[in-house]
Each structure stands twice: as C-alpha cells, then as structure tokens.
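Scroll down for the structure; my scribbles are underneath it.
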Number of protein chains: 2
Amino acid sequence: MNIEINFQSHVPIYSQVKDQIRHLINTGELQPGDQLPTVRQLAADLRVNFNTVARAYRQLDDDGIISTQHGRGTFILEPHSQKEAEQLRQLDMQRLTHYYLTEAHRLGFSPEEVRALFEEKFKQWMEDGEPPSEK
Amino acid sequence: MNIEINFQSHVPIYSQVKDQIRHLINTGELQPGDQLPTVRQLAADLRVNFNTVARAYRQLDDDGIISTQHGRGTFILEPHSQKEAEQLRQLDMQRLTHYYLTEAHRLGFSPEEVRALFEEKFKQWMEDGEPPSEK
DNA sequence: TGTATTATTGTATCTTTGTATGATTGTATA
DNA sequence: TATACAATCATACAAAGATACAATAATACA
C-alpha cells in the first residue's frame with residue numbers, strides 16, 4: 001500500500017491520508033475486508049505523528065468507508081451499494097481535479113498556463129491511447 | 001541564530017526578518033533541513049507580534065526558501081539558483097499533470113470525461129480567482 | 001484448559017505550532 | 001483635516017504532536 005505525503009503542499013496531512021486511502025479503495029488496490037496498517041505503522045512509514053493517522057482513520061470511519069476497532073485494527077468496508085460505489089468514484093475524481101488545480105496554483109501557475117499544459121498532455125493521451133507517464 | 005531588528009529603521013520588521021534569514025542561509029549558518037524557531041519563539045526574542053514573524057515566514061515559503069508546516073514548524077529548504085528553481089517548478093508541474101491523468105485513467109474515466117470535469121473546475125477557478133477547494 | 005501477564009491497537013486530552021480575520025496604529029497624500 | 005493604505009497587533013482557530021489510557025490479542029504457565 002503506497003501512500004505519499006507532500007509536506008510542502010499546504011493540504012493537511014490527515015486530509016492527504018484520507019484522500020489517498022479513498023483513492024486506493026476506488027481503484028481496487030484495497031479490497032473490502034483488507035486490513036489497513038496500524039495507526040502507528042503507517043505513521044512511522046510517513047514520518048508523522050500517529051494521532052494524525054488516527055484522525056484520518058476516524059473520519060473515514062465516520063464516513064462509513066472503513067471500520068476502526070479498538071485493540072484490533074482497521075478494515076475496509078463493503079460499499080453499501082453499487083450506486084454508492086459510483087458516487088465515491090465521482091467524488092474521487094473531483095478531489096483529484098481539485099488537488100491538481102490547487103497544487104498547480106501553489107506552484108505559481110496561472111489558469112491559462114495550467115490549461116495549456118493540460119491540453120498538451122491530453123493530446124498525447126488521445127494519440128497514444130494511454131496517459132503520459134513520468135518520462 | 002542571531003537576528004536583530006532595528007526599530008528606528010523604516011524598513012518593515014517582516015522585511016528585516018526575511019532579509020536576515022536569507023542572509024543566514026547564504027552564509028551557511030542555516031542549513032537545509034534545519035528548523036527555524038517557531039513564530040512565537042522568534043517573535044518573543046525580537047519583542048514583536050508573532051503574526052509579523054508569520055508574515056515573513058509565509059513570504060519566504062512563497063519564494064520557495066523555507067517550508068512552513070502547520071502544527072509542525074518551519075524548515076530550511078535546499079537552495080536553488082533561479083534557473084534551477086524554474087526547472088524544478090516545470091518538472092513538478094509536469095509530474096503533477098501526469099499524476100492527474102494517470103490516476104483519472106486508473107479510476108476508469110475516459111479522456112472526454114476528464115476533460116469535461118477539468119473544464120468545469122477550471123471555469124470555477126477563473127470566476128472565483130482561486131482554485132476550487134474540497135468544500 | 002484457564003488465567004495472569006504482556007504486547008498491540010485504537011482513544012482521549014492537552015500542548016505546541018502555524019493560519020485566518022479583523023482592529024489598531026502610523027504615515028503619506030489629496 | 002480627511003482619507004487611504006501598509007504594517008503591526010489581538011483574537012480566535014485549525015493542524016499536528018506528546019502523553020497517558022482503554023480494549024483486544026497473544027503468550028506464558030500452572
């Protein structure tokens with residue numbers, strides 16, 4: 001399970017953790033029933049206080065995405081319905097877009113610049129049939 | 001770390017703080033990774049309001065000199081020449097765009113769907129003057 | 001098998017740290 | 001003088017960390 005925190009982004013750490021776990025679920029990398037790392041384990045991996053991870057877990061629990069169980073661990077829940085799963089996927093896409101725009105903004109890019117770069121990469125995607133990679 | 005404010009000078013305090021921190025970095029007295037005093041600590045030392053120090057820190061953060069992190073503290077970043085900084089900025093933006101497109105793809109969205117959502121959020125950014133947030 | 005002990009896991013609470021917003025002060029200028 | 005603006009301050013807030021605690025699981029041992 002790969003989660004990465006951007007400490008320079010001003011997006012709160014607990015929020016980044018929440019978003020990325022939801023994303024891992026929506027892409028199927030985390031399956032219902034799977035156990036998440038313990039708050040201390042994940043916190044150690046991310047070099048973050050475990051209360052910060054606990055906060056993310058608690059909010060995901062409140063949202064009915066995962067089940068945190070005192071002394072036992074935390075686990076991925078089943079989506080309540082197919083319709084809800086689709087909603088979660090849409091929300092994930094929204095968050096992805098928000099993150100893209102806010103980070104671009106933080107890096108000092110104007111909307112027009114962002115759009116230009118987006119269009120460029122988008123065109124490549126259309127031509128190649130798959131999104132551009134890191135190289 | 002020795003910073004001194006000249007209260008007679010008509011150079012704003014936040015500006016004096018900025019200049020002296022930059023100087024301490026340039027002379028090597030502050031190294032990448034070093035933690036700066038907290039806004040309250042430095043403010044107490046200088047007998048100044050902590051918001052004034054926070055203002056200096058925020059502007060240095062905007063300039064990519066330091067990294068201020070809510071609840072954690074503020075830290076010296078690796079120094080870069082103007083040219084390097086610009087290259088890094090472009091690279092970050094490219095990576096960000098790649099990440100956006102590949103993750104959208106992994107979520108199962110078609111290029112057209114991604115573009116539609118991008119355009120929608122982009123429009124909001126233009127209207128509001130700032131990128132849309134989570135709420 | 002039963003029970004005590006220890007380790008593991010999440011929780012509650014308070015402190016520390018930066019952030020947001022609006023009021024106050026000083027200064028330049030009409 | 002009046003008004004506008006920038007710098008600073010006051011206050012309330014939010015994110016993250018430190019510490020102590022509670023629930024469950026794992027182990028040891030009679």
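We use all heavy atoms of the structure for the numbers below, so side chains are in, but hydrogens, waters and symmetry mates are not. To find a chain, count down the sequence lines: A is the first, B the second, and so on, and within it residues start at 1.
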* Asked: Passes side-chain contact (heavy atoms from CB on, under 4.5 Å), A:Arg58 versus A:Tyr14? Steps please.
  -> CA-CA 10 Å; A:Arg58 181 168 49 71; A:Tyr14 77 91; over 6 Å; no
Under 3.5 Å, sequence neighbours excluded: what are the donor-acceptor pairs made by side chains of residues 77-85 of chain B?
from    : atom 1 : to      : atom 2 : distance (Å)
B:His80 : ND1    : B:Glu78 : O      : 3.3
B:Ser81 : OG     : B:Glu84 : N      : 3.1
B:Glu84 : OE1    : B:Ser81 : N      : 2.8

* Using 4.0 Å as the upper bound for N to carboxylate O, is an ion pair formed by A:Arg115 and A:Glu112? -> no
* Structure fact -> Counting primed atoms, P, OP1 and OP2 as sugar-phosphate and everything else as base, the B/S/- map of nucleotides 23-30 of chain C against protein heavy atoms under 4.0 Å is --------
Scan the side chains in residues 64-73 of chain B for donor-acceptor partners under 3.5 Å anywhere in the protein, sequence neighbours excluded, and list what turns up.
from    : atom 1 : to      : atom 2 : distance (Å)
B:Ser67 : OG     : B:Gln69 : NE2    : 3.1
B:Thr68 : OG1    : B:Asp61 : OD2    : 3.2
B:Gln69 : OE1    : B:Arg72 : NE     : 2.7

* To do: Answer yes when B:Lys123 and B:Glu120 have at least one side-chain N-carboxylate O distance shorter than 4.0 Å, and no when they do not.
  => no
* Structure fact -> Note: for B:Arg47 and A:Pro12 on DNA chain D, the residue whose nearest nucleotide lies more 5' is B:Arg47
* Taking side chain to side chain donor-acceptor pair (under 3.5 Å) as the test, write out the residues that go with B:Arg40, two or more places apart. => none
* Of all the choices, D:dA16, C:dT9, D:dT8, which nucleotide is nearest to the side chain of B:Ile13 once you look at every atom? -> D:dT8
* To do: Check whether any side-chain nitrogen or oxygen of B:Thr74 sits under 4.0 Å from OP1 or OP2 of C:dT17, and answer yes or no.
  => no
* Salt-bridged, A:Asp92 to A:Arg22, with N to O below 4.0 Å? -> no
* With a 3.5 Å cut-off and no angle check, do the side chains of B:Gln59 and B:Asp63 form a donor-acceptor pair? -> no
* Asked: OP1 or OP2 of D:dA16 sitting under 4.0 Å from any side-chain N/O of A:Tyr14?
  -> no
* Axis-to-axis angle across the helix from C:dT1-D:dA30 to C:dA30-D:dT1, five pairs an end, to 10 degrees? -> 0°
* To do: Measure from the side-chain heavy atoms of B:Thr38 and tell me the nearest of D:dG17, D:dA15, C:dT17.
  => C:dT17
* Asked: Quick one: B:Gln35 CD to C:dT16 P, roughly how many Å, whole number?
  -> 14 Å
* Asked: Do the charged groups of B:Glu103 and A:Arg95 touch, with an N to O distance under 4.0 Å?
  -> no
* Asked: Looking only at side-chain N and O atoms, does B:Arg72 come under 4.0 Å of OP1 or OP2 in C:dG18?
  -> no
* Specify the separation, in whole Å, of atom CD of A:Gln41 and atom P of C:dA7. => 18 Å
* To do: In whole angstrom, give the distance that lies between atom CG of B:Asp61 and atom P of C:dA20.
  => 11 Å
Distances under 3.5 Å between nitrogen or oxygen atoms of protein and nucleotides 11-13 of chain C:
from   : atom 1 : to      : atom 2 : distance (Å)
C:dT11 : OP1    : A:Thr68 : OG1    : 3.4
C:dA12 : N6     : A:Asn51 : OD1    : 2.7
C:dA12 : N6     : A:Asn51 : ND2    : 3.4

* Structure fact -> By nearest-nucleotide position on DNA chain D, the 5'-leaning member of A:Gly71 and A:Thr52 is A:Thr52
